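So the structure is just underneath, and the comments pick up after that.
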Amino acid sequence: MGMKIIGTGSCLPQTVVTNDDLSKIMDTSDEWISSRTGIRERHLVKEETTTSMSVEAARRAMENAGVTAQEIDLIIVGTLSADHVTPACACEVQAAIGAQDAVAFDINAACSGFMFALNIAHAYLQMGVYKTVLILGAETLSKIMDWNDRSTCVLFGDGAGAVVVCADERDRMLAYDQGSDGVRGSVLACKNRTNNNPLVQTGVEPEYVHMDGQEVYKFAVTAVPASLSKTIKAAGLSVEDIDYFALHQANIRIIQSVAKRLKVSEDKFPISLDHCGNISAASVPILLDEINRKGLLKPGMKIALSGFGGGLTWASAVIEW
Ligand code: COA
């Protein structure tokens with residue numbers, strides 16, 4: 001048994017914060033941010049939460065797929081910024097949409113979280129364990145940013161994206177690749193769970209996101225093209241056969257570098273980072289939803305997906321639409 005994507009949905013917070021807005025509260029400028037990253041604005045939560053955005057994205061994806069909550073038998077949320085330690089965001093989504101027969105859990109693979117969740121769903125469907133799966137990437141990164149660290153906080157945004165996949169005799173997941181490198185994990189970290197139990201009492205304050213931007217950049221521009229090349233080859237295709245490359249939206253320069261290394265026109269790389277910033281696990285499903293709703297995806301098209309980030313982690317897939 002194989003897997004087929006049958007619907008997409010997404011939800012961004014209502015409030016848009018432009019680079020100019022940020023320049024009023026910190027020492028930065030639209031010129032610095034947009035020239036180095038391609039980001040012009042991002043959506044940040046006020047009332048919204050990781051769960052509320054997930055629920056809205058899930059409803060839109062189910063409507064797009066034409067499935068009811070009763071048909072969903074598995075919900076996986078890729079997130080590093082769930083609202084609580086427990087219950088999981090996926091369990092809260094299950095309750096809110098009324099998917100009472102679903103099994104629900106979160107996974108944390110940072111910016112690769114949605115891609116890892118997609119691969120988990122694929123394995124379950126291949127084994128015949130489940131039939132209809134709701135997969136989300138959802139983040140409220142604004143709550144784990146250090147708003148005094150201008151080199152990091154300007155890059156990120158909040159939002160949620162979802163896909164519904166179902167079991168199908170013909171597998172539309174043509175190939176995938178995933179990997180991790182914990183040795184280099186400290187270049188992008190958020191160590192915000194210190195133990196202050198009575199035996200330890202470190203008094204250490206929880207940390208916000210800390211990033212060595214240049215090391216992360218070097219990792220991305222080598223790991224992503226290598227993973228994509230490997231996956232495209234494993235699918236029995238060449239780069240020319242791929243209609244779109246839907247990459248994690250971290251930085252336009254990373255995407256341009258991947259396009260150059262693969263010798264593919266940048267036109268094949270749709271972009272959402274200009275208006276969303278980097279939304280970690282939510283980037284890839286939000287981008288997929290945007291290009292799906294623009295009518296760009298036609299049956300039979302080959303799409304290469306890739307996520308990469310904290311852990312370090314990375315994951316790519318080639319799917320047929
Ligand atoms: N506004 C204005 N100036 C800023 C700034 C900001 N928001 N943030 C940093 N600066 C300053 C720095 O203080 C530094 O000043 P100095 O030269 O006086 O010391 C200068 O700009 C250059 O900083 P630098 O870190 O060398 O810039 P860079 O060209 O490496 O770009 C990133 C920084 C973060 C944009 C870049 O490294 C990057 O995109 N890395 C990948 C990050 C990423 O995508 N992470 C997520 C992956 S999932």
Side-chain angles (χ1 to χ4, degrees), residues 17-42 44 78-81 108-116 137-142 144-159 161 178-182 184-190 208-225 227-228 246-261 269 271-274 276-287 305-316:
V17 177
T18 65
N19 293 344
D20 284 334
D21 292 334
L22 289 180
S23 71
K24 291 178 189 135
I25 55 169
M26 65 184 74
D27 183 13
T28 191
S29 64
D30 177 53
E31 200 283 324
W32 192 97
I33 301 170
S34 56
S35 65
R36 279 176 175 74
T37 70
I39 297 164
R40 298 197 171 275
E41 57 189 39
R42 73 287 293 139
L44 300 184
T79 182
L80 54 76
S81 54
N108 178 352
C111 303
S112 313
F114 170 80
M115 294 300 303
F116 276 39
E139 306 285 8
T140 309
L141 298 174
S142 57
I144 55 169
M145 285 300 132
D146 178 351
W147 287 95
N148 293 312
D149 177 3
R150 64 178 182 167
S151 64
T152 301
C153 67
V154 301
L155 307 178
F156 295 92
D158 301 330
Q178 54 188 10
S180 308
D181 180 3
R184 286 193 285 168
S186 61
V187 300
L188 177 49
C190 180
Y208 292 101
V209 169
H210 171 80
M211 183 178 72
D212 181 337
Q214 292 184 0
E215 285 304 313
V216 175
Y217 187 90
K218 281 187 237 163
F219 152 69
V221 298
T222 49
V224 178
S227 176
L228 280 168
L247 266 51
H248 170 47
Q249 300 285 296
N251 182 317
I252 192 71
R253 292 190 307 174
I254 293 175
I255 291 171
Q256 288 166 340
S257 171
V258 173
K260 198 170 165 195
R261 282 174 197 234
F269 290 72
I271 298 297
S272 62
L273 60 83
D274 56 338
C276 292
N278 178 345
I279 322 181
S280 192
S283 281
V284 171
I286 289 172
L287 182 65
L305 311 173
S306 193
F308 55 90
L312 297 172
T313 56
W314 62 93
S316 302

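Remember, it's 1-based here, ligands and their atoms both numbered in the order they're listed. Here the structure is a predicted model, which means the values were calculated and not measured.
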For atom OH of Y217, is the number of surrounding heavy atoms from other residues, nucleotides or ligands below 6.0 Å larger than 12?
-> yes
Over 12 foreign heavy atoms within 6.0 Å of CZ, R40 = no
Heavy atoms under 4.0 Å from ligand 1: which residues qualify?
-> D27, T28, W32, R36, T37, C111, R150, S151, V154, M211, G213, Q214, V216, Y217, H248, A250, N251, R253, I254, N278, F308, G309
Stepwise side chain to side chain contact (heavy atoms under 4.5 Å, CB included) test for W147 and M26 = CA-CA 9 Å; W147 287 95; M26 65 184 74; 3.9 Å; yes
Please answer whether the main-chain N or O of S142 pairs with a side-chain N or O of D158 as donor and acceptor at a distance below 3.5 Å.
-> yes
Residues passing the salt bridge (Lys or Arg N to Asp or Glu O under 4.0 Å) test with R184, sequence neighbours excluded, are D181
Is R42 close enough and on-axis enough to F156, meaning under 6.0 Å and within 45°, for cation-pi?
-> no
